[in-house]
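Accompanying notes for the structure given below.
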Protein chains: 2
Amino acid sequence: MARRRQSVTIKHVAADAGVSLQTVSRVINDEPNVRPAMKERVQASIDKLGYTPSIAAQRMSGSRSYLIMALNDRERTIADWRERRGTDWVDQMLLGGMLTCAEHGYRMIVELIDTHSDHVERELSAALMALQPDGVVLTPPHSENALITGLLADRGIPFARIGSIAPGPGFALTMGDTKNALDATRRLIELGHKRIGMIAGPDAYSLSGWRIEGWRQALGEAGLPHEGLCAAGDFGFESGNEAARALLTQDDPPTAIVASSDQMALATLDVARELGLSVPRDLSVISFDNTPIVRFTDPPLTAVDQPIAETISRAVELIIRARRDAAPDAVIDVEGSVVERGSTAPAPHLTGVKRA
Amino acid sequence: MARRRQSVTIKHVAADAGVSLQTVSRVINDEPNVRPAMKERVQASIDKLGYTPSIAAQRMSGSRSYLIMALNDRERTIADWRERRGTDWVDQMLLGGMLTCAEHGYRMIVELIDTHSDHVERELSAALMALQPDGVVLTPPHSENALITGLLADRGIPFARIGSIAPGPGFALTMGDTKNALDATRRLIELGHKRIGMIAGPDAYSLSGWRIEGWRQALGEAGLPHEGLCAAGDFGFESGNEAARALLTQDDPPTAIVASSDQMALATLDVARELGLSVPRDLSVISFDNTPIVRFTDPPLTAVDQPIAETISRAVELIIRARRDAAPDAVIDVEGSVVERGSTAPAPHLTGVKRA
DNA sequence: ATGAAAGCGCTAACAT
DNA sequence: ATGTTAGCGCTTTCAT
């Protein structure tokens, strides 16, 4: 391959404007100590030649790489893509991440890392050495992986933890999990439900716990019971099936269920159908995620919308500003909302009658 | 900001192994003229220190950047994300692209470019200068934009054109559009349909034409008419609504429709419902895309599955091999398939009776 | 088969 | 306010 060189470099601009490289550099980076007239002249040359600095060269000189790495769980992400489950997490991440990066001249680059692997550190370290990103966005469950956060902290790389509130290095951001679960449960209580079940996510994710907390809090406020009404899944369809079955086939089953993922809610719909329960007449369901498919289920699912794009956008801004500003101590909580659709309705009148 | 340096560099490895930088470089790049024993010794140091070369430095020295840029239409992509329509094109692109890139030590980086903008060239040029990718994957409609292909050809950057068969620079790949439309239409003919409509995509996409061609060819084989049975949309829901209405409210309307996108098929379902037509009893529908939502529509849509991941994967391989191998002259056509679901059924008996 | 020297495009540090 | 120098980590010459 022919040795490919940059077509227009800082040298060309400097020559064209009749100034030193350094002055051009100062203009590019909007640094002080350049007279307006000079700045204008250099900018004119830049525009004329259509010059854009090479991020590789910028990085080499000890400056920024203008790259932000978004780390996702390899196994889960690939499975979602392969199965075409309609999870649009990555899309929403790119929506918030890429656009905000672009506003600041940065790029977002998606990287997949194994969670369970014993060589997480090697994988991550290799990615960091290869790319030299200026920051990293950690999504669950990586955001709570001490090996990962520790390594980033050691290397002094700014990073954001989505779905983590633990103190320590890195910006912590959450998507209103507790309040979302609280709101969803309250809504069901308003509809007259007295026994409201919860299909929780796996323990490995803190947000699973937060949602349980919100659910319990709402029940507590209303003096309603929670005992025996919480079953845990792993966010996947199969686990949701089992959890829903466990909840709905017990004595005095719930008339409403909050599921911690769309897939588990989908499974709940199936189980209900199988048990001869009509949704929402006999059973109300609210899910978390609000992925595109929930508008097309039968009935369409009332769902908690997670502000993924907004949250990643905030994370990126924090990372980019990290050089200047001090880290905010507090956890940043971006609010979600409940989108009401057809899977929720007033509690059935015959509450308390065993149906299974 | 502290001037952040690479933690482990080629120098460290060279020192550890007691050899010159050059020898280490040769080992990294698997070059000849290194004795096995030497190679082993160096590799041991690399493993011990957990060394991975910086792609910025590799690029700077005139070698590869190990970056492949995937170019998508900015406006459409962002709209799909914002509306959360369930289009998983980008996901499938990443599935095929990222994984294949990773196999070869490359990274895929997604970039959005305006199609209609008059400064496409400036935008693209800036991205190329900043990132210096070793190759570019062009998706429709960029793959048929002469400004873009011309610029890449001029710069000598290997690129792939997805959904383009035009001769000229760059690897051309298609996803079996003609055959897919042919198969879908043939399937409807097998089911006894005599009047089969087509809701085509916009002219700006060549693949719209290829699909029309396949549809027409199948009709021709069976001696069936096509006149007045083709309406064009822009792939979006609204346009599908109009097109479906035009087809279904005419005299002697079709009993089956092939829609060039899921969104337009969704609209067709709505129009059918509105007109009192039951799908698939009165009307069969086959769509293109097979996005996740089509499993949840009422009824679930029979759809043409586009091998996006596989196609992008092939494109990436071609680009990476471009340095060694000669460009294949022929268009590479990756086959799709029809996934049968609930929106197709035998033609209604009362064919020919006006219903609208 | 190995090593030494030069340079990629850019910026930090140090002049002036 | 501007210019000069040195060097980032690596690969390409060019020696040996």
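Residue B/Thr9 places none of its side-chain N or O atoms closer than 4.0 Å to OP1 or OP2 of D/dC8. Proximity of A/Ser25 to the phosphate of C/dT11: a side-chain N or O atom is located under 4.0 Å from OP1 or OP2. Taking side-chain N and O atoms only, A/Ser61 has no distance below 4.0 Å to OP1 or OP2 of C/dC10. For C/dT11, neither phosphate oxygen OP1 nor OP2 lies less than 4.0 angstrom from any side-chain nitrogen or oxygen of A/Tyr66. In terms of phosphate contacts, B/Gln58 brings a side-chain nitrogen or oxygen within less than 4.0 Å of OP1 or OP2 of D/dT11.
In terms of polar N and O atoms assigned as donor or acceptor, the side chain of A/Gln22 never comes within less than 3.5 Å of the base of C/dT11 in a complementary pairing. With hydrogens and angles ignored, a donor-acceptor pair under 3.5 angstrom links the side chain of A/Arg26 to the base of D/dG3.
Both B/Val19 and A/Ile10 lie close to DNA chain C; mapped to their nearest nucleotides by heavy-atom distance, the more 5′-ward contact belongs to B/Val19.
If you check C/dG3, D/dG3, D/dA1 against the side chain of A/Arg35, the one that comes closest is D/dA1.
Note: CG (A/Leu21) to P (D/dA1) measures 20 Å, nearest angstrom. For B/Leu49 and D/dG9, the CG to P distance is 14 Å, given to the nearest whole Å. Atom NZ in A/Lys11 sits about 16 Å away from atom P in D/dG3, given to the nearest Å. Summarising the geometry, the separation between CE on B/Met60 and P on D/dT11 is reported as 13 Å, rounded to the nearest angstrom.
Considering B/Asn72, B/Leu128, B/Leu131 in turn, B/Leu131 is the only one that fulfils the side-chain contact (heavy atoms from CB on, under 4.5 Å) rule with B/Glu111.
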